[in-house]
Asker: 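The structure is given below, and queries will be raised subsequently.
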Amino acid sequence: MLTAAGVGWTALTLGGTVGVLGVPRLLAPNVTAEPEVLVDIGELAGYAQVSLGTVDERFKRQGFWVVRLPEGLVALSTSCTHLGCLLNWDDRDGRFKCPCHGSGFDLAGVNREGPAPRPLERLRVTVEDGRVIVDGRRRFRGERGEWGHSESMVRLEPSAES
Ligand code: FES
């Protein structure tokens, strides 16, 4: 016969078990893989035609997004600056959103909501023989004033929309 105390202990035990099983999930959240070292993302001429505010998600599995900002092209890390979870692009809200604790980043990578303490990192971008190359070995951090570095962005002429 199950008493009230027995039900309580069973619930407590099950709750504890679920809690213990959940610990590995907390210790190893949905973290982003490190960006590949060198990635050729295509011809510069093609990106010059891309609309402002476009987020190219083709390279997400390689650890970055390519974003067309008014002043040029940046490669934003897909790793949340809170605890490193893999972010998602939310086209409707125009934000990079973190599924772990709710941080949100704007199109430029600036942290706008949630616990993320700093902007997304930008990966080095250069142009070689007319092709845009993203280099995951070199990162630029906005809060350190590094986004002004010439290799944190490929400068583009404003598109017809701007
Ligand atoms: S890891 Fe992104 S908000 Fe915590």
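Just so it is clear, the model here is predicted, and its values are computed rather than measured. Atoms within a ligand are numbered from 1 in the order they appear, just like the ligands themselves. Excluded from the calculations below are hydrogen atoms, water molecules and symmetry mates; all remaining heavy atoms, backbone and side chain alike, are included.
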Asker: After noting the C-alpha distance and the side-chain angles of H82 and N111, does the key distance pass the side-chain contact (heavy atoms from CB on, under 4.5 Å) rule?
Answerer: CA-CA 10 Å; H82 180 221; N111 47 319; over 6 Å; no

Asker: Please identify each residue that fulfils ring-ring contact (aromatic ring centres under 6.0 Å, His included) with W147, with sequence neighbours left out.
Answerer: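 W147: no ring-ring contact (aromatic ring centres under 6.0 Å, His included) contacts found.
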
Asker: So, C85 with C100, SGs under 2.5 angstrom?
Answerer: yes

Asker: Ignoring waters, how many N, O or S atoms from the protein are under 2.8 Å from atom 4 (Fe) of ligand 1?
Answerer: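 Step by step: take atom 4 (Fe) of ligand 1, keep protein N, O, S below 2.8 Å, and you get 2.
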
Asker: Check whether V134 and V50 end up in the same hydrophobic cluster, where Ile, Leu, Val, Met, Phe, Trp and Tyr are linked by side-chain heavy atoms less than 4.5 Å apart.
Answerer: yes

Asker: First locate atom CZ of F64, then atom CD1 of I41, and finally report the distance between them rounded to the nearest 0.5 Å.
Answerer: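 Atom-to-atom, F64:CZ and I41:CD1 are 6.0 Å apart.
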
Asker: In terms of side-chain geometry, is the basic nitrogen of E151 or R124 positioned less than 4.0 Å from the acidic oxygen of its partner?
Answerer: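 Answer for the salt bridge query: yes.
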
